[in-house]
Structure formats: C-alpha cells, structure tokens
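This is a predicted model, so every value here is computed, not measured. One is the number of the first residue; the rest follow in order along the sequence.
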Amino acid sequence: MQNASEREKVGKQAAYVAIFGNIFLTIFNIIVGIFSGSTALVAEGFHTLSDVLTSVIAFIGFKIGMKPADEEHQYGHGRAEPIVGLIIVVFLLIVAYEIIYGAYAKIILGEIVAPPGLIAALMAAIGIGINYTMSTYLTQSGERINSPALIADGKHQRVDIFSCVTVLIGVVISQFGIPIIDTIVSVFIAIIILNTALHLALDNFNTLMGKIPSKELIEDIKSAALTSECVKGVHDVKVNNMGPYASAELHIELNKDLKLEKSHKIAHEVEQNIINNVESIKMVSVHTCPTEVICKQNLEKK
C-alpha cells in the first residue's frame with residue numbers, strides 16, 4: 001500500500017507531464033493551425049490551452065486532497081479532488097461552446113476559408129501520439145493512487161486524441177475541394193467534449209454524494225474483518241467515499257460471553273486489519289454485537 005509521500009510523488013510527476021506536455025501542444029497547434037489555415041487545428045490549440053489550466057487546477061486539487069484531517073475537517077480534505085473534477089467539467093463546457101459558436105459563425109455567416117494545408121494533418125498525427133501517451137499516463141497514475149482529480153484530467157486529455165483524429169480526417173477530406181469539412185469537424189470535436197463532460201460530471205457527483213466505488217470493496221472489507229478468528233460474522237457494512245480514500249463503518253459479531261475489554265481489543269484489531277489490507281480505506285469504525293442478538297434479529301426478519 002502506498003504511503004502519503006509516494007502518492008504525492010506520483011501525483012506531482014503526472015501533473016508536470018500534463019502541464020508541460022499541453023504547453024508544447026498548445027503552441028504548435030495554434031502556430032500550425034494559423035499558417036496552414038486549419039480552423040479545426042486552431043480550435044484544438046485553444047482547447048489544449050485550456051488543458052494547461054485544468055492540469056494546474058487538477059494538481060491544486062490533488063495537493064489540497066493530500067492535506068491531513070484537522071479539527072474542522074475531521075475526515076480529511078479528500079473531497080477537494082472530485083470538486084476539482086467538476087471544475088474541469090465547467091472548462092470543458094466553455095471550450096465546447098466556443099468551438100460551436102466559431103463553427104456557427106463560419107457556416108451560417110459564410111466565413112469559410114481555403115482548405116488547410118497538409119502540414120495541419122502532420123501536426124494532428126503528432127498530437128494523436130502525444131495525447132495518447134499523456135492520457136494513458138495520467139489515467140493510470142490517477143487509478144494507481146486513487147485520485148479523482150488526475151483521473152478527470154486524464155479523461156479530459158483523452159478528448160484530444162479523438163479531436164486530433166477528427167482534425168486529421170477533416171484536413172485530408174478538405175483537400176478534395178470541400179473546405180467546409182474542416183469546420184464541420186470542429187463541431188464533432190465539441191460533441192466529443194460535451195460527452196466527456198457529462199460522464200466526468202456524473203462520476204464526480206457520485207463521489208461527492210458518497211457512492212460506493214464498487215461492490216467488491218464491501219467484500220474486501222468483510223474479508224479483512226473476518227481474518228480475526230474471534231469474529232463470527234460481519235454485517236451492516238457502510239462506506240463513505242471521499243474520492244482518493246474512504247471511511248468504513250461495520251458491525252462484527254462476537255461471542256456474547258466475551259468481556260468488554262476483550263471485545264474492544266478485537267474491534268481495534270479488526271480496524272487495523274481493514275486499514276492495512278484494504279488500500280482505499282483510511283478510517284474505520286467498528287461496532288460489536290453478541291452473536292445471539294444477531295440470530296434473534298435474523299429470526300424476527302424472517
């Protein structure tokens with residue numbers, strides 16, 4: 001299981017890759033787009049410019065989420081990361097609007113220019129490779145350290161892969177005397193961005209509302225609790241998801257004849273077993289129940 005310093009190291013590396021990679025792409029997309037006459041490539045350049053800012057915001061959210069619990073935030077600051085994920089969604093929506101409005105001006109108002117040069121296709125191909133590498137690295141790093149902010153930034157970056165593919169197709173087709181294709185392609189880019197924004201919004205809203213990351217997590221908690229030989233059963237497992245980590249609450253079933261001191265010791269042991277064996281769980285609250293009470297409750301339910 002990763003400690004805080006290892007998690008911070010992975011997060012910093014991923015953030016630096018995203019920030020400097022996007023700065024490079026922004027500069028070259030806009031320059032090549034202007035000189036080649038590619039509307040879609042310029043649109044992609046400004047979208048990548050927003051990626052620089054969102055990567056910075058994602059890193060800030062990651063840093064805040066790393067802060068330990070204090071008197072005012074007794075469960076830590078982990079929810080800063082899904083909040084940042086929603087901020088990234090807002091940036092995606094703004095970029096999509098700008099692209100659609102630009103396409104509207106060119107198609108409806110007749111501002112169609114000459115077909116873009118083939119150098120735009122080369123830049124789009126380079127962008128596909130760079131964006132794929134960055135997106136994969138960011139997403140894998142985010143999943144490795146369970147960071148909603150980095151995962152959101154990685155999915156945001158993945159939008160650029162599809163964007164570059166559509167730019168490449170648009171440039172090639174426009175060479176056959178259909179210059180409007182380049183502008184139409186920019187609309188498809190906006191649609192891809194909107195789709196990504198929707199999924200990111202749902203994921204981060206669910207995290208903020210405490211949705212269980214997976215059913216497997218519940219089973220992992222039960223298995224870890226049952227490693228103590230004194231525990232006869234586990235029930236009422238609840239998980240409070242906070243983004244990069246979660247807290248858990250559960251009831252363990254113990255022999256009714258155990259003394260209070262012994263029961264307390266076992267509960268503490270179970271807490272440590274869960275924290276040590278279930279990576280995303282950082283806080284645990286264990287309630288003890290005598291086995292006969294559990295059996296009686298189950299009979300009443302039947």
Side-chain angles (χ1 to χ4, degrees), residues 14-58 88 91-139 153-197:
Y16 291 154
V17 167
I19 291 168
F20 291 109
N22 282 317
I23 289 173
F24 171 82
L25 285 173
T26 296
I27 294 170
F28 282 92
N29 274 332
I30 293 175
I31 290 174
V32 174
I34 291 172
F35 283 98
S36 66
S38 173
T39 306
L41 196 58
V42 172
E44 175 60 17
F46 281 104
H47 173 215
T48 309
L49 177 61
S50 75
D51 290 348
V52 178
L53 184 57
T54 53
S55 293
V56 171
I57 292 172
I88 291 174
F91 276 91
L92 285 170
L93 294 175
I94 293 172
V95 170
Y97 168 78
E98 292 294 334
I99 292 174
I100 291 172
Y101 182 80
Y104 164 81
K106 291 188 176 297
I107 295 174
I108 304 300
L109 304 180
E111 299 177 8
I112 303 300
V113 296
L118 288 176
I119 190 174
L122 176 61
M123 186 63 221
I126 293 171
I128 291 170
I130 295 176
N131 281 305
Y132 176 79
T133 302
M134 287 199 298
S135 172
T136 302
Y137 179 68
L138 282 171
T139 304
D153 201 24
K155 290 183 177 180
H156 181 203
Q157 199 69 49
R158 190 174 299 166
V159 168
D160 291 354
I161 300 173
F162 301 107
S163 298
C164 289
V165 169
T166 53
V167 169
L168 180 60
I169 293 171
V171 171
V172 172
I173 293 177
S174 67
Q175 301 305 308
F176 295 93
I178 317 175
I180 196 174
I181 287 295
D182 184 59
T183 303
I184 293 174
V185 164
S186 68
V187 175
F188 281 103
I189 293 173
I191 293 171
I192 293 170
I193 294 171
L194 289 172
N195 183 64
T196 301

Quick one: pull up [atom1] in [X] and [atom2] in [Y] and give me the separation to the nearest 0.5 Å.
X      : Y      : atom1 : atom2 : result
Thr139 : Met134 : OG1   : CE    : 11.0 Å
Ile34  : Asn29  : CD1   : CG    : 11.0 Å
Ile130 : Ile161 : CD1   : CD1   : 11.5 Å
Ile57  : Ile88  : CD1   : CD1   : 7.0 Å
Tyr97  : Ile100 : OH    : CD1   : 9.5 Å

Please find the pair of heavy atoms, one from [X] and one from [Y], that lie closest to each other, and give the distance.
X      : Y      : result
Ala18  : Ser55  : CB-OG, 3.4 Å
Thr196 : Leu92  : CG2-CD1, 4.3 Å
Cys164 : Asn131 : SG-ND2, 3.6 Å

Next item on the list: Apply the test side-chain contact (heavy atoms from CB on, under 4.5 Å) to residues Leu138 and Val17: give CA-CA distance (whole Å), side-chain angles for both, the deciding distance (0.1 Å), then the verdict.
Entry: CA-CA 8 Å; Leu138 282 171; Val17 167; 5.7 Å; no

Next item on the list: Give the C-alpha distance, both sets of side-chain angles, the deciding distance and a yes or no for side-chain contact (heavy atoms from CB on, under 4.5 Å) between Asn22 and Gln157.
Entry: CA-CA 9 Å; Asn22 282 317; Gln157 199 69 49; 2.9 Å; yes

Checklist line | Phe28 and Ile126: CA distance, side-chain angles, deciding distance, side-chain contact (heavy atoms from CB on, under 4.5 Å) verdict | finding: CA-CA 10 Å; Phe28 282 92; Ile126 293 171; over 6 Å; no

Check: Can you tell me if OH on Tyr132 sees more than 12 non-hydrogen neighbours from other groups inside 6.0 Å?
Finding: no

